[in-house]
2 protein chains.
Amino acid sequence: MTRGDLFSPECPTRRLLDRIGSKWTSMAVKVLAEADPEEVRFAELRRRMPGVSQKMLSVTLQNLVHDGLAERRVEPTVPVRVHYRLTPLGLSLDGPLAAVRTWAEEHMAEIDLARASAKR
Amino acid sequence: MTRGDLFSPECPTRRLLDRIGSKWTSMAVKVLAEADPEEVRFAELRRRMPGVSQKMLSVTLQNLVHDGLAERRVEPTVPVRVHYRLTPLGLSLDGPLAAVRTWAEEHMAEIDLARASAKR
DNA sequence: CGGTATCCACAGCGATACTG
DNA sequence: CAGTATCGCTGTGGATACCG
């Protein structure tokens with residue numbers, strides 16, 4: 001493959017990083033992947049993602065659904081109950097994300113060390 | 001490990017994603033990793049990263065150096081020549097990034113398909 | 001050549017309040 | 001319960017100009 005493809009404005013890696021770099025996306029994917037194959041309700045997701053606002057969780061999940069990474073199922077009760085789970089595509093994304101998480105856990109301390117020893 | 005660790009405000013994964021999610025970081029790491037063990041000059045990096053501004057390349061490289069992911073070497077000529085290369089730590093980060101790149105290349109088309117078939 | 005300084009536009013995100 | 005609407009702050013990043 002050519003380098004031009006990867007670095008063009010439509011570079012798939014860049015676009016993917018825009019997604020998973022958004023504040024809550026990777027956390028949502030991880031929570032949903034851990035629950036898989038069980039569904040997770042909106043309120044339960046919120047509980048498992050400390051600090052997320054209702055709005056941002058809503059936006060994050062909409063993005064995942066819109067990208068085909070997650071599915072949304074509404075129970076037509078009153079009040080409604082909404083369940084989410086990853087699609088196979090979304091589940092497959094957890095692999096690369098896990099690699100990033102593992103690296104972070106193993107090496108972020110070294111980065112912190114480098115930062116601390118640098119002039120601020 | 002506990003989930004609390006990963007999802008705390010200082011979650012290492014979150015902080016790493018903040019870095020590699022920034023617009024030019026992952027591209028710079030890739031270019032430097034491809035050149036490794038050769039050094040790459042500032043102007044050459046700029047050429048290999050289409051669209052990057054001088055300022056953002058400078059900021060990106062400073063961040064990498066500050067985090068101990070890259071090294072900077074200045075040739076004290078006039079005008080100066082500045083060379084960059086990854087540290088072993090930075091090189092090790094290319095592994096997880098490569099996993100993300102591979103996933104992106106294999107699956108972004110599916111995401112585009114999902115987006116296209118969704119109501120806009 | 002390789003920065004640094006300044007200015008600015010815009011998108012991400014949080015807080016809050018309201019709705020079906 | 002699970003959103004949507006509105007508002008405003010903040011940080012990222014682009015354009016431009018200048019410096020050692």
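Order of the sequence lines fixes the chain letters, A, B, ..., with proteins taken first and strands second; residue numbering starts at 1 for each chain.
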Problem set entry | Terminal axes of the helix from C:dC1-D:dG20 to C:dG20-D:dC1 (five pairs each): angle between them, nearest 10 degrees | 50°
Exercise. Whole-Å distance between D:dA2 C1' and A:Arg72 CZ?
Worked result: 8 Å
Close N or O pairs between protein and nucleotides 4-9 of chain D (under 3.5 Å):
from: D:dT4; atom 1: OP2; to: A:Gln62; atom 2: NE2; distance (Å): 2.4

For this session: Mind checking the CG-CG spacing from B:Leu93 to B:Asp67? Nearest 0.5 Å is all I need.
Result: 10.0 Å
Problem set entry | Euclidean distance, atom CZ of residue A:Arg73 to atom P of D:dA2 [Å, nearest integer] | 12 Å
Exercise. Separation of B:Asp18 atom CG from D:dG13 atom P, in whole Å?
Worked result: 11 Å
Exercise. Which residues pass the side chain to side chain contact (heavy atoms under 4.5 Å, CB included) test with B:Ala35, sequence neighbours left out?
Worked result: B:Val40, B:Arg48
Exercise. Can you name the residues that form a side-chain hydrogen bond (donor to acceptor under 3.5 Å, both in side chains) with A:Asp112, not counting sequence neighbours?
Worked result: B:Arg15
Exercise. Rounded to whole angstroms, how far apart are CZ on A:Arg14 and P on D:dG13?
Worked result: 8 Å
For this session: Just call it for A:Ser22: base, sugar-phosphate, or nothing, with non-hydrogen atoms closer than 4.0 Å on any strand.
Result: sugar-phosphate
Problem set entry | Value in whole Å for how far the P atom of D:dT12 lies from CG of B:Leu57 | 17 Å
Exercise. Rounded to whole angstroms, how far apart are CD on A:Glu44 and P on D:dA2?
Worked result: 10 Å
Seminar exercise, completed: When rounded to whole Å, the CE to C1' distance for the pair B:Met56 and D:dA15 reads 13 Å
For this session: Could you tell me from which nucleotide to which nucleotide of DNA chain C, 5' to 3', there is an atom under 4.0 Å from chain A heavy atoms?
Result: C:dC13 to C:dA15
Exercise. Who pairs with A:Trp24 by ring-ring contact (aromatic ring centres under 6.0 Å, His included), at least two apart in sequence or on another chain?
Worked result: none
Problem set entry | Any A:Leu32 side-chain heavy atom under 4.5 Å of A:Leu45 side chain | yes
